[in-house]
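Only a predicted model underlies this, so the values are computations on that prediction, with no experimental measurement involved.
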Amino acid sequence: MFNFKKGFLLIVISAVVLASGCANRPESISASYMSHERFIDNDCAKLATLMGDARADLQNFSDMQNSQANTDAATVFFVLIPASQLSGDYEADVAKYKGMVEAIETAQIKNKCK
């Protein structure tokens with residue numbers, strides 16, 4: 001006879017294993033280290049422009065990463081394989097631009113930009 005407790009436990013363990021391969025949400029991705037020294041020689045106007053560009057790129061890659069995470073959730077539900085396992089995700093790009101934003105912010109602080 002089938003034991004429902006064991007069956008339920010097997011389903012939960014399978015779901016956890018499969019979900020662990022899913023794309024991470026952008027807010028859970030840590031910034032990659034980038035030195036502020038790369039930006040320190042820029043004046044405040046240039047730093048502001050660089051910051052705007054970096055934030056736009058971060059938003060773009062964050063949106064794509066969220067989309068991939070949503071796709072993973074749907075594909076795991078229907079076919080038990082996260083789509084990002086086949087097509088990849090944008091986690092490295094999100095981490096890169098988070099690091100760039102932090103580095104530019106540090107350069108702005110050190111250059112006493114307002």
Ser30 to Ala95 - nearest heavy-atom pair and separation: O-CB, 3.3 Å
Closest heavy-atom pair and its distance - Ala31, Gly99: CB-N, 3.5 Å
Rounded distance (nearest 0.5 Å) linking atom CE of Met100 with atom CG of Asp53: 9.5 Å
Closest contact, heavy atoms only, Val94 versus Leu58: O-CD1, 3.7 Å
Nearest-0.5 Å distance, NZ of residue Lys96 to CE of residue Met34: 6.5 Å
Donor-acceptor pair, side chain of Lys98 and main chain of Ile29, under 3.5 angstrom: yes
Check: Glu91 and Gln65 side chains under 4.5 Å, non-hydrogen atoms: yes
Minimum heavy-atom distance Pro26-Ser62, with the two atoms named: CG-O, 3.3 Å
Minimum-distance pair of heavy atoms, taken over all atoms of Ala69 and Ala23: CB-O, 3.7 Å
Side-chain (Asn66) to main-chain (Arg25) donor-acceptor, under 3.5 angstrom: no
Atom pair CD1/CD1 of Ile104 and Ile109 - distance to nearest 0.5 Å: 12.5 Å
Test item: Gln68 and Asn24 side chains (from C-beta on) under 4.5 Å apart, heavy atoms: no
Nearest non-hydrogen partners of Phe39 and Ala107, listed with the distance: CB-CB, 3.9 Å
Tyr90 and Phe61 aromatic ring geometry - parallel, tilted or perpendicular at 30°/60° bounds: tilted
Main-chain N/O of Asp63 paired to Ser67 side chain as donor or acceptor, under 3.5 Å: no
CA sep, side-chain torsions, deciding dist, call: Arg55, Glu105, salt bridge (charged side-chain N to carboxylate O under 4.0 Å, His left out): CA-CA 11 Å; Arg55 284 188 172 150; Glu105 284 175 346; 3.1 Å; yes
Any Met51 side-chain heavy atom under 4.5 Å of Val101 side chain: yes
Nearest-0.5 Å distance that lies between atom CG in Asp41 and atom CG in Asn111: 8.5 Å
